[in-house]
Structures are given as C-alpha cells and as structure tokens.
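Chain naming here is simple, since letters A, B, ... match the order of the sequence lines and numbering starts at 1 in each.
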Amino acid sequence: MLLKIISTFILSFSLQAQDLSKPFSLDDEEKSAPQEDISVPVESSSVEHELDKELSIPTLTSPVIDQANILSPKDQAVLAKKIKSIMASNGPQIQILIIQDLLGQSIEEFSIRVAEKWQIGEKEKGNGVIVLMSKNDREIRIEVGEGIEGELTDVDSHQIIQNIFVPNFRQGNFFTGFNQALDAIALEFDVKDVVPQNSRARKLVALRHQKEKMQSLVLPLIIFFVFFPIITRFIGKNPLIRSVAGSTFLAGLIFLFVGQIFFIILAAIFGFIIGMIGPLNFLMAVLSSGGRRGHYGGGMSSGGGWSGGGGGFSGGGASGSW
Amino acid sequence: MKKLILVLFTALIITGCGVQSIPQANNDVEAKWAEVQNQYKRRADLVPNLVETVKGYATQEKETLTEVIEARAKATQVTVDPKNLDPAALQKFQQAQGQLGQALGRLMVVAERYPNIKSNQNFLALQSQLEGTENRITIARRRYIESVQQFNNLVTVFPTNLTNNIFFNYDKKPQFQVTPEETKTPKVSF
C-alpha cells in the first residue's frame, strides 16, 4: 500500500514537473490574463513616481507592457496571446513596450538599452523583436534581434511602421495598429497560422509537442528498469548503496539522453527512491496502479513565466513617428 | 622574503590577478572593433546604390555626388587591424569615416529637394537601410568604448596592472574622440 502511494506520488510529480518546465502552457492562458490586469496600475503609478528622475526600464512581466494605459487589459491579453502563439509556431519572440515619455532621450537609445537588459529572444538564434512606442513623443521603433535581421530587414520594419503603425495611430486605433503589425511580423517568418491559443488546431500541436517531450524520457527509463535489477543483484541488499547506485545510474542516463538539468535532478531523486524500495517492488506497484494513470493528465496547470532568453541586438530595425 | 612573495602571490590570486581576464578583455576589444569596422563597411556598401538612385533624379547635383563617391573611396581604404589598434590609426579611420558621414548627410539633404526621389521605392529602401546602419554604427561604437574602458582599467589599475607589466605588456587601447563636427552630423532622418 505504502509503495503504491509513493509510486503514484512520483508519477504525478513527474507529470507536473513536465508542465513546469514548459515556457508556458495552454491552460494558464486564462489565468495569466487577470494577472496582467493587476500589474498595469501598479506599474503606471511607479512610473509617475520616477518621471522626474531617470527613464527607467520596467521589469519584464508579460509580452505586452503598457505604461501609458493606451490599451485596455482585454486588448493587452489578446496581443499577448498572439505573441505567444507566434513564438510557439517557431516565430520570433516579440515584446511590446509602451511608455509615457522618452524624457528627451532618443528612441533608438532607449530601445537598445531595453534590448540589452531584457535580452528578448533565444541566445543562439538572436530572434527577439521589441516594439517600443512612446505616447507623448508620438514615436515608434521596431528593434530587431541580430539573428533575424535577414528575415525582418530594416526595410520591412520601416514599411510596417509607415504602412501599419502610422495610419492606425493617427486615427487613434492603437490596438489595431499593434495587432496588424504582429500579423505582418509573423508573415515575415512564414508564421501564417496566427490563430488564437485556445483553438483546436493549436491545442493539438501543443499536445504533440508534449508527447514528443515525454517520449524522450521513455528510452532511458526502459534501460534503467532493464539493467538496474541486474545491477542490484551484484551490489547486495544494502538499501543505501542501492539508492546511491540507482540515483547515479538514472541521473546518468537522463544526462545522456535528455541533458536537461531539471530532469537530471528529478532522475537522481527518483533513482534514489527506487533504489531504496527496490526496482522490482516499484515496477509491480506501478503496474498494479497503471489503470488509473489517465487521471493525472487532467490536473496539469502551472504559472507561465515570460522572460528573455539571452537574445542579442545590434541595432537593426527602424523608427518612425506619427 | 619568501613569506612576502607568498603573501603577495596569494593576494594576487584572491583579487583576481588578471592572468585570464586581461587576455579575455583584449579579445573582447578586438571583437568589438571588428564589429565597428563591419558596420562602417556596411554603410560604405550602400553608397554606390544610393548614388546611382539619386543620380537618376538630380543630375545637376554633380558636386555633392562626386564628393560622396570620393569620401567613400577614401573611407574604404582606411582599415585598422584589430591587433594594431593605436591612437593614430584610429584617428585616421575616424576622420575618413566622418568625412563620408558628412558627405552622406549632405546628399540626403540634397535629395530632399527632389520630391520625385521620395516616391522611388528603391530610394526609400536605401534610406531606411542607411538609417538602420547609422544606428548600428552608434551601437557598435558604444560597445567598443565600453569594452576599451574595461580593458584599460585592467591594464592600469592595481593589482591587474602588475600582471600586465609582468606577463603581457599591453598598452592602453585608444578611445573614440567625439569631434565637434561629428556631434552635429550624420543624423539622416526625415
């Protein structure tokens, strides 16, 4: 009975851990939206506080940061969702930042400071895009990561500003401007299906990704359960030695096959427990509770974080005013 | 005496003696300089196309156009090997690029007088590329300046300056001098 509890605990833990390691998940979409609502007034008040000091770079909390309260929370959520789905379809990581005033600084100067601090985009790909808008200065800039200057050229950025941002912003259609610009950027990267995150097609793709991830864990686990019982024969019945051996063996396998530090640590703990209770005992416990496995899939949810990935910028893009 | 040396040695190690960080900083300066040259070259590469495009509309602006072509020719001749960065070479480089920047600025002002140019797609594309490249140059220069500052601190400030004197003997790297003409030129925005 005890074994059963331990094994189910480990199983459910490993499933949840899977979820935590993803940059963001399907289910948290709805939950992250109200969080953004709360963060908006807090941020704008802190900016007013610092207005007479120096132009400060806000903390990166979500794909859309609006310090000038131009977009409604609902609009922000829609844009954030689109940004995440572009990223999920192998597009760039886009960040929207709207500030009240540049305080005399040039938009290029501030933009590169933001880019260097936030490091939007992946480090290896340099695929970040920052769309910076200053409300009082009526200026907008698209800052393009150094890895994607070929896809989103200065000329493309210039055209997006002149043909999408400027006409829309002149009429006060801020949301439409941003929304269409996101589509235009996505199209430069052949991301044609900028569909809402909760649509059926998107969910299926995400499910497939998750399955692929789980599959990469299967082979090392099989090797472990085939060879570890043999190993335990040789090292005797001392549970401590067996635990250490199990921990090292499984962690080593995961290191070879998966290589993600998070899973290695998990494997070390997992291997330790299996070593302690014995691999065959564990297997039997899992098999006898196997019928209930479907149950664990339902409860997956976690807080989706949003952060930069070390993307570099060297000043590509374009600026304009409306 | 032996004790003193030992104490000094451990002090050097604890404070980070620079045996690693000085060559690293040196490499960083070289990389940043390469990037600066690269971006200037990128600007120079835009010039022939730009001149061709403007020529089609503004034939009577021969003087400005030849000025740009000559400045470009001069600027592309002056290159500085990252390994031999010295103040004289840097100044020469900066002078040549500054002249090209000024000539380009004048060309864009001239082009402004011809409304037809502004509807030419090719010209608009070149213009946004030029703007982007000027911005890249600014950033590459700032990164070079920061990198040099770090390097110069390492080779002049205790204790890493001792390591430099003993092992490497690097000189201080030259910094960009912002000349008065440079501050008012190559802003090519419309």
* **Approximate separation, where rounding is to 0.5 Å, of B:Phe176 CZ and B:Ile145 CD1** => 6.5 Å
* Pair B:Lys74 + B:Glu70, salt bridge at N-O below 4.0 Å -> no
* Stepwise side chain to side chain donor-acceptor pair (under 3.5 Å) check, A:Ser319 with A:Glu108 -> CA-CA 8 Å; A:Ser319 320; A:Glu108 290 86 4; 2.8 Å; yes
* **Toward chain B, the part of A:Glu116 with a non-hydrogen atom under 4.5 Å** => side chain
* To do: Under 4.5 Å heavy-atom distance to chain B, tell me which part of A:Glu149 shows up: side chain, backbone, both or neither.
  => side chain
* To do: With a 4.5 angstrom heavy-atom cut-off, could you sort out which part of B:Ala140 is near chain A: side chain, backbone, both or neither?
  => neither
* Asked: Is there a side-chain contact between A:Thr153 and A:Asp156, using heavy atoms and a 4.5 Å cut-off?
  -> yes
